[in-house]
Structures are given as structure tokens and as C-alpha cells.
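Working notes, structure below.
Every chain is numbered from 1 and lettered A, B, ... according to where its sequence line falls, protein lines coming before strand lines. Worth saying up front: this structure is predicted, and the values here are computed from it rather than measured.
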Amino acid sequence: MIRLLRYLKPFRGAVALVLVLVFLQSLANLYLPTLMADIVDKGIVTGDTDYIVRIGGLMLLITLGGTICAVVASFFSARSAVGFGRLVRGKLFAHVEGFSLHEFDTVGTASLITRTTNDTNQVQQVLVLMLNVLVSAPLLAIGGVILAIAQDATLAWILVVAIPILVLAIFLIMSRAIPLFRIIQVKIDRLNLILDEGLTGVRVIRAFDRTAHERRRFDTANRDLTETAITVNRIVATLFPIMLLVLNLSTIAIVWFGSVRIDRGEMQIGALIAFMQYALQILFAMLMLSLMFVFLPRAAASADRINAVLDMAPEIRDAEQVRPVGAQRGYVEFDDVTFSYPGAEEPALAHISFTARPGQVTAIIGGTGAGKSSLVGLIPRFYDVASGRVLVDGVDVRELAQHDLRSRIGYVPQQAVLFSGTVAGNIRFGTESASDEQVRHAAEIAQATEFVDGMDAGFASAIAQGGTNVSGGQKQRLSIARALARRPEIYVFDDSFSALDYATDARLRAALKRETTDATVFIVAQRVSTIMDADQILVLDQGRLVGSGTHRALMESNPVYREIVLSQLSAEEVA
Amino acid sequence: MMQQRAGQQRPGGQGGPMGGFGRGPMGMMGMPVQKAKNFRATLFRLLGYFRRQKLRLLAVLAAAILGTVFNIVGPKILGLAITRLFEGFILKLRHVPGAAIDFPYIAHVLEILAGLYVVSAIFTYVQAYIMAGVAQHTVYAMRRQVDEKLGRLPLKFYDSRAHGDILSRAVNDMDNISNTLQQSLTQLITSVVTLVGVVVLMLTISPVLTLVVAVTLPLSIITTTMIAKRSQTFFARQQRALGELNGHVEEMLNGHRIVKAFGHEQESVAAFEEMNERLYEAGWRAQFVTGMILPLMTSIGNLGYVFVAVIGGVMVTQRAISLGDVQAFIQYARQFTQPITQLASISNTIQLTIASAERVFELLDETEEAPDAADAPVIAAPQGEVAFEHVSFSYSADTPLIADMNIAVQPGRTIAIVGPTGAGKTTLVNLLMRFYELDGGAICVDGVDIARMRRGELRRMFGMVLQDTWLFNGTIRENIAYGREQATEEEIVRAARAAQADHFIRTLPESYDTVLNQEASNISQGQRQLLTIARAFLADPAILILDEATSSVDTRTEILIQRAMTELMKGRTSFVIAHRLSTIRDADAILVMDHGRIIEQGRHEELLAQGGFYADLYNSQFAARVRAVDAAVTP
């Protein structure tokens, strides 16, 4: 938490001002009882009405001053706390955008999203609280103590007894309740998980007639949560009465011992009344502080999560001295490449070597987990190799600027991803300079014009977040158009035709072939029929390159390839 | 003493953030309020949940009232002691002979006061203690009711509603209700009692001074409403900005691979900064305006304090009032604004809660499935004979899907479902399993109309192996055993073996005890399919509904899946969403579906001879593949 507060630096002037203003406001609040004491001791006792009115006017002025301080303080504290939130959020997002896929795999996308959104808000919210409560409560408490002693040092012993009792009570109750609050969160999550599963799996649950079973599962979790919630609320229920009791009994003690001192002529009545108010002010400030114990741990946990992300350096960074891209266009070479995912025992790819040239189609085939997607992911340098080299246009990808490298590649992922915005905006993604003509042309080749023209506003039609308003096949076509709009040297199609129906698939392929005659094309595929015409087929098996060549050559010489082909085309179909 | 709480109001001083699951410490003041459509009806319905706990709730009410009353009479009683002290002091000051402070009297008053405070503390505790039980049990009952309701809702409901919407009602809205029941309800009681009690006590002390304090009342009401109005606009703006920003983050991070591949990082960060700026502009204003409420209320309270001090002071000098009463009055005056602010905040919370309750009640009021008949016929040993008799069905009245459909399937036969779109298979499952009710006609299993059977009984006769496999968060063993409760270890392993899944399960680090995570992403799609086949084996149904589709499954696993499916289909009536030519050719009947409708039916040769939709489909899709194969194997 404290480490994160370094981002408060730009606001230190404002924060200092808030401190001063809150201090002044606390002083104003504290000063009123002193003046009240004067009214009693000097005005009421002597019957001096003028004095009472004069002091009353002074009290009004002080109230006014205090209010102005408070409002101005509120202005600056709001601006600094929310400004702090903006700064942290911005830093965090920019930092995360610089991450390579490795960091995403490690932390998890969902968690990164929560950290950028919820966790920052949590910290910001607590900062607002801190600037108000955490700052003013100690000031009030300390100011109260000083003034109470100034009124009557002897009576201060009551505070010496009451404050530790209060602190102890708060500590005992909170140290029991806070861990329980955490447990409750876990139990709520569990309940939500069961509910979520019930919704996702409703067909299966009913098909297997397990509704009663699921209900019992839910009920157990529900009961469990309820019991903990009752326990924790009952523990917390002791807090308020105990505090009230301490406050009230202190007051009684003050009145009693105060009376004795007044009787001896050691104290004034006004001082007694003022003292009572100070004592309550102090104890009340302690109560406010104790509230922070509820919020601080939560914010601290959030702050830790944010710091963890900020501390994480992206594994893939541009080299100090990036090399310009070579003069060649579209040459991709794997030179004895071995690659492992972090933490994995076996390498995902081992000793892969091949070369791809412009105008060539390189197909990659193999079972799940054979390393097909990993292989093509190395070309845009999503990951770094463990050993060996990946060369694009004769230069090791690690020596190129990532931006330069990727601008030469048109990548179409397995899972089509669209962003909210327009159809044209999605096709232009990453190629903002593309003209309307180019966008249209790309869509035409991707066989997307037909449905895009059918949409309400054509290319200006809105795409919902996550592309939920277009079908899977349409998403894939737009995702292909996006790659085409870049006019790249290298195309990577990572199993990206799966959601297309047969006729569209065929038309798209034919159009693509014409468009990509000069480009280097990589196609990852499950189906042999899609890649039979490739100039070069790489056969992967468990991360190893077990064969490469044309379909015909592989059919003759490569048993793994033949097995794949035959498994897909069963005997009867051959006949 | 409550009054001191009021006197030194600080941000966070109101509301009860200690109690619950951590609603914001600023209370709900100033947050935009979502209005309930029918406030009264929903409120009464919500209150209806307390009926079973009427006694306990009455106890809470009584304890809250007593606790508050005992607490607020404190200053008045304390005033007696102060007055006596003051009188003695003045007499001594004037050197009246024999004058002394009346210590026995003061001691007596303070003793009574101490007793009152102790009793008050006990009542306050008792109230919160009982309320914890009442609130949590009520929420428990509501959650349970929601869950049971979800179990009785027809599939139609799930298909027509966004998953997130249902979840948000069952989770977020229930949370709102839970927090309010725990905190705001007792606060409401104590605030009202405090307000009434304080006004009454103030009046008994001095009507004149009460009037003075009352002057500040309109001031605080105006301030509160003015600020609340403004802050609502800012909060709404902040909420919008936040939603926009969160959406952007979600999109960009989920599409990170694409953002990287297309070098879109700079643009993404720039767009984010723009949204972040908007959020800041709205955010600090919202924060500032709400932050002002408490200082302003304190000031207004101080204003009353000063007036009372001055006017009361003057009155004491004229002997119109005693000093102790002024002291008590000051405490009351400070306490006066507190319940008002608190009530304003609670009323917002309550509106929010009623809106939430309304959403939960909407869910509870959804139309349920017709209950199973008590005298439902039972098929002891299902054979798997299925007959569609004059079946007609549609999802919505204006687009009829199936009209007068007749099929008779002998036990153990295979029906292939073929068609370009996937809409047909869901409909078939929906009808066979009676997830949806027919519009006309009947589906019979072994001669019994399924509409007359108990749903659970009917569904147990079926096995489903679909592509969107559903596995739950639990061990592999539990997931397989989902098909049959009380299955022995041996039976589970045998089912896994038959489903060709035993091998891969044993290669996992924890074998059958491996816990599948929430998305079951720790095993592959194909392996998931094998597990669902194992589950079906164990359930041993008479009739199967299978989906042959194996996209994103590697070829070797695909072979395993096909082998397992063939094994599973032996001796069972099977409805197969067919993708393999062999299945289609060998099927006893083919249903050709398009856009969810059955447009042709018959055997392969018959349909080809018809030269209709199926023939076209076959020629375009399968014939091309056959040609490809020919080219592939004849070098």
C-alpha cells in the first residue's frame, strides 16, 4: 500500500494543503467547547449577557472558517485521490499493454482485468477515506488530548484508563472479525460458482435428473455461508455497545471527579463541560480510526496485486539496438528452434528447422498439442525461443523492433476476436491508414461484403463488444479481412476457417490464392483436404517436425502423415 | 453517548460500515438510485419474509427502542447532576453560609445514569445479536427459494435470458438485500426513535430553544437535497465513464494477442487515457460533492450549537432555564441533525434495495414447468422404442418449425440428423428430453407418452453426448459418476475404459482425483468429450443423443472418440447429429434439417433418388470430400 503511494507524489502540494486545512478544521471544531466553557465560566456565572453574545459571534466566525476549510479540503482531497487513481490506472494499463503473452499466461487475463479495474478503484476509494478520516481522526484525538489537559491536567487520568480499554476492545473484536470477513468472501465465491455451474449446465443436470443433487450442493454452501455471516455479525455486534459504554462511563467519571475538584475550587464548571466534550471527541476519533482497519486490509491486498503487476517486467522487449528489417521480403526461417512454455516439463517445440519463401504456402498439420499454434506464434514473436533462431527477412526476430516485425505479418487467430466499434473500424484495426477502398477490397476477398452490405449501415454498422452481434463465421471472415487490410508480406492463418460453411470456405480460398501470390502464407489446419495443395507441408508430432514436403511426397514417405490422412478419410470414403 | 457521535460527525461516521459485507463507507448518499416499479407491493412482499420470524423481529424492535431511549434520556438525567453542581457552586461562590455541593444527590444521579447506560448497551447488543440471525436466515431462505425456483423453471426461460442477467439477480441483488437487512433496517429503527425521542426531550426542556434548533432544520434538508441532486448527476456520469473504461480494458486484454499482432498498443493506451480522463473529471466532482455533505452538516449542527449556547446562556442568566438543561440541550441539538442525514442515506439504500428485491421477485414469479403427475407411469425396463406421432412444435407462434411429424424408431436403431445448420439438434434434444412442450401430437417411448411421465424418469432413459460438454468443478471421478449416483470405483473405471478415457486419465498427475478447474481448461476439448462419453456409459441409458462433430479435436483423439461412440451406440436407440458419411449411409433413417425444420426424411438411397435438398447437400459436401480422398490416396 505504502509503496503504491509513491504515485501520490504529483499531488503532494494538494495533499499537504489538505492536511493543513483538515487540521485547521479540527482546531475549529475543538475550539468551540473551549469557548462554550468561557461562556459558562465568564458569562453565565457573572451574568454578563454582552460577553455571551460576543463569544457567540466569535463561535459563529469559527464555525464559518471551519466550514470553508472543510469544503476546500474536500475539493483538494477529491482531486488528489481521484487523480491518483487515474495515474495508477493509466500506468497499470500502459504497462499491461506492454506485456507479452507470457505474462498474460502467468497472471491470467481475467485477473489482469480485475487488477486494472476493481483493484485500482478499491485503492482510490480507500485513499479518499484516508485523506478524510485517517488524517482528521488523529488530529482530533491529539488536539482533544492537548485541550483536555489544558482544561484540567488532573482529570486526564480518566482518559489514560479509557483509551487503552477502547483500543483493546477494538483490537480484540477486529482481529476476530477481519479473518472471518475474508472467509465469507470465499464462501460467497463458492456459492456463486455453484449457481453459475447450475446455469451453464442446466441441460446436463436435468438430463441426468440431478436437480435435487445440485439443490443439496447449493443448500450446503448457502447454509455454510449463512452460519459464518451470523457469527461474524454477532462478533461485530459487540463493538458498538462496548464503545458506547466506555464513552458514557467516562463521562460519568468525569462529572463525578470533576465535581470533587470543583468543590475544592480547583476547577471551573465550564471547564468540566468542555472536558466532557473533549473526552468524547477523543474516544470518537478512536472509533473512526478503528473503521480504517476494515478497509485498509482490503485496499492493501488490492495494492499488492497492483504492485505485483507493475513489478513484472515484460519478458519480450525490443533490443537496445534494433536492426532495420532486411532487404528481403517475406522470408521466414526457423533455425533449430526449441521452445518451452514457462513451467512446462517438455518443450512445446524441439529442433524445428525450415524455410518459407514468398509466393509459397506452408501448411502445418498435426494433432492437438503437437505445437502447431506455438510454431506460428513464434513468427510474430508472441514468445521467445529457448534456443535456435527465428529469422524474418534474414534478421533474428529478437533484433527487430516488435512493431516493425508485426507490421509485416497478417495474423488470423484460431478464435476470431472483434472489438466494439464499426465493421470498418475492425478491418482497419492496426492499419488505421487503410482507405475505404482497401477496407472494402479486404472484405470482398474475405467473403464478408455479402453480409456486411446486408447490415443496417454497411461498413459503418456497429459491432458489439466481443462481436456478439455477428455469427461465428462472420467473425472469422472479418478477422481475415483485418489481416488482409494490412497487405502484409507474411500471412498466418491459425486454423481460421473452421466456422465457415463449405461453399464460403471454397470461395474464400480461391480469392485468397489470387490475393496472396507474392506473400508468404502459413496455414495451420486440422483437415488434410484444406492443405493438400500447399507448397510445403510441415508435419508436427508432439513438438517435433517429423516430416516436410508436398502432399504427394509425404503420402509416400511419411507414416505419421499417412495415418492422419487415412484417419480422416475412412476406407469407405476412399472407395 | 449517541449525541457525541452526532456532534463530531466525520466522514464515515454515519451508516454502519462495521456490520456487513463492506458497502462503501460513505453510505449510499448521493448514489444514483434505481427506482423500483412498484415500491409498495415489493416492500410488503419483502416484509412478508419476516413473518416467520415475527417474534424475533418484535424482540429486535423492542430492544432497539429501549436501547435508544435509555441512551437518549442520558443527557437529561446528567443535566440534573450538572444543575445541582452548578447551584451548589454558585452558592459557594456567593459565600452563602453552609453552602455545599450536594454530593449524595449527584452520586445518586450518576449511579442511576450508569445503570441506564449499562442496560442500554445490553439492549443494543441484544438487538444486533438477534438481528444478525433474523437477517441472515431471511437471506438464506430467499437464496434457497431462488435456487429452487431455478430448478423448476423451464429451459425456455434459460434459452431466452442472458446468463449474466439471471446471475446478477441471484447474486448482486441478493447481496444488496442482505446488506440492507443486516444494517439499514436497525438503523432505520434507531434513527426514527432517536429523532422522535430527541424532539420530545428537547420540547420538555425548553420549547423556545427547540424552536431555535428547528430553524436549522430546513437548512439541513435543503443542503442535503441540493447536494444529493448534484452528486447523482456526477455519479451517473462517473458510472458511465467507468463502464466504458472497464469495457475497453476487458476488450483489449481479452484480445491481447490481436492487439500485439496488429501493433495496436499505442492506440489502445491512447483511447484508454481519454476514457481515464473522462472518468477523472466525473469522478473527482462526484467525490467532492459527496465529500462536502458531512462538513456542511457538521457546520449546520455547529450553527445550532452556537445558537443554543448563546440563547441558552442568556436564559440561564435570567434564570429561565438551568445550566444542566442547557448542557443537555446542546447534546440533543447536536444529535438532532444526525438521524436526519442518516434517514436520507437510508432512504436511498432502501430504494436501491427495493429495486433489487423487485428484480429477485420477478425471477421468482417466472412461469414454472407444469409439475409431474402423481400417477406418472413408470417404464421399468426401457427398450428404447421411440415414436413421433403427429408432432407439431414451434418456439414462437409465428414461425412454425415442425408440423405433423411422424417417425417410428425400433429399439437399437440409429437415426442420423443431417443439415447445414446446427439449429436442428438443439430442437431435437429439447423435444425428446421434454425440455420444451409440444404444440400438438405426442412423443412416445416404449408406447408411453413422455408428457405423462415424470421428467426425471424420462431423462434418465436418455444419454447425451454433445459437443458443448458440461463438466463441473470437481474431480474426474465425480464428473464421470455424475451419470449414476453410488457408482462403485470399479464401475467408474470400467466406464472410463469403455470410453477410451482411462489411459489419458491415468497420465494426469492426480489420475481420477484430478480436479477439473472452472473452465475445465486443464484437459483438452477432446478429452472432455471422452469424459462425457464415460459419463454416458456409466448412466447406461436406453436411448442416446450423440453429436459426432469433433472440431478442434486432434485426429488421434478423434479416432478414440469415434471408437467410444460406436461402442456406446451398440444395442441402444441412437439419434446422431451425423458428420461422418458412414454413419449417414448406415443409418436406419435420416432426418434432414434446415433452419431447425425437418424438411426431408428417409434412408440414404431413397433421399438421393428424390433429388431434393439432401441430394444437393450430399453432392456438394460429401462428394467433394470423396473426390479429395480419391486424389489423396491415389498418387
Side-chain angles (χ1 to χ4, degrees), chain A residues 36 39 44 47 49 52 56 59 63 67 70 74-75 78-79 82 86 90 93-94 97 109 112-113 116-117 132-133 192 197 201-202 204 207 209 211 218 222 226 229-230 233-234 236-237 241 245 248 252 259 263 280-281 284 367-368 380 403 406 411 417 419 430 502 529 564 567 569 573-574, chain B residues 1 4 8 11-12 18 85 101 110 117 121 124-125 128-129 132 136 140 143 147 151 158 171 246 249-251 253 255 258 261-265 269 272 276 280 283-284 287-288 291-292 295 299 302 306 309-310 313-314 316-317 456 459-460 464 470 472 524 554-556 559 621 628-629 633:
Chain A
M36 176 69 197
I39 287 185
I44 297 178
T49 315
I52 296 177
M59 286 170 89
T63 299
T67 311
S74 166
F75 176 80
R79 281 181 73 104
V82 179
R86 172 182 64 173
F93 185 72
E97 280 292 67
T109 310
L112 281 175
I113 292 173
T116 328
T117 54
N132 290 310
V133 180
N192 292 348
E197 284 187 341
V202 61
V204 179
D209 192 22
T211 314
F218 181 88
N222 192 6
T226 304
I230 290 178
N233 277 305
R234 286 188 174 160
V236 172
L245 201 61
N248 288 331
I252 291 174
S259 305
D263 187 42
L280 292 161
Q281 210 145 23
F284 185 69
T368 306
H403 195 268
R406 288 175 190 145
Y411 172 77
V417 176
F419 300 96
Y502 180 79
S529 54
I564 292 172
S567 76
L569 315 166
E573 285 172 294
V574 175
Chain B
M1 273 183 224
Q4 297 307 322
Q8 275 74 41
M18 315 293 293
L85 174 67
I101 290 171
L110 292 183
Y117 282 143
T124 309
Y125 174 68
Y129 182 90
Q136 295 305 326
Y140 165 81
R143 267 201 294 256
D147 185 59
Y158 291 94
V171 176
N246 286 353
V249 170
E250 215 168 283
E251 257 190 313
L253 298 195
I258 296 302
F262 286 81
H264 199 258
E265 295 99 325
V269 171
F272 178 88
N276 200 6
Y280 167 74
W284 79 257
Q287 210 59 259
F288 170 49
M292 270 190 336
S299 302
N302 281 344
V306 174
V310 172
V314 173
V316 174
T317 59
R459 290 169 189 163
R460 273 167 188 271
M464 263 199 323
W470 181 80
F472 67 95
S524 79
D554 68 88
T555 40
R556 290 181 166 190
I559 296 170
Q621 250 188 53
V629 174
V633 259

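- Contacts between B:Tyr125 and chain A at a heavy-atom distance below 4.5 Å involve backbone atoms as well as side-chain atoms.
- In this structure A:Thr116 satisfies the side chain to side chain donor-acceptor pair (under 3.5 Å) test with no other residue, sequence neighbours excluded.
- With chain B as partner, the option from A:Val202, A:Thr49, A:Val417 having the largest number of non-hydrogen pairs under 4.5 angstrom is A:Val202.
- Proximity to chain B is limited to the side chain of A:Ile39, based on heavy atoms less than 4.5 angstrom apart.
- Taking 4.0 Å as the cut-off between side-chain N and carboxylate O, B:Arg459 and A:Asp209 do not count as a salt-bridged pair.
- For the atom pair OH of B:Tyr117 and CG of A:Asn248, the computed distance is 4.5 Å after rounding to the nearest 0.5 Å.
- Among the candidates A:Gly56, A:Gly90, A:Ser74, the residue making the largest number of heavy-atom pairs closer than 4.5 Å to chain B is A:Ser74.
- Rounded to the nearest 0.5 angstrom, A:Leu112 CG and A:Glu97 CD are separated by 10.5 Å.
- Between chain B and the options A:Met59, A:Met36, A:Arg79, the largest number of non-hydrogen pairs under 4.5 Å is found for A:Arg79.
- Both the backbone and the side chain of A:Ser259 come within less than 4.5 Å of a heavy atom of chain B.
- Put simply, of B:Gly151, B:Gly283, B:Gly255, the one with the most heavy-atom pairs under 4.5 Å next to chain A is B:Gly151.
- Judged as a ring pair (Phe, Tyr, Trp, His ring centres under 6.0 Å), and not counting sequence neighbours, the contacts of A:Phe93 are B:His248, B:Phe272.
- Rounded to the nearest 0.5 angstrom, B:His264 NE2 and A:Arg406 CZ are separated by 14.5 Å.
- Of the residues considered (B:Ile101, B:Val316, B:Val306, B:Leu253), B:Leu253 shows the highest number of contacts with chain A, using heavy-atom pairs under 4.5 Å.
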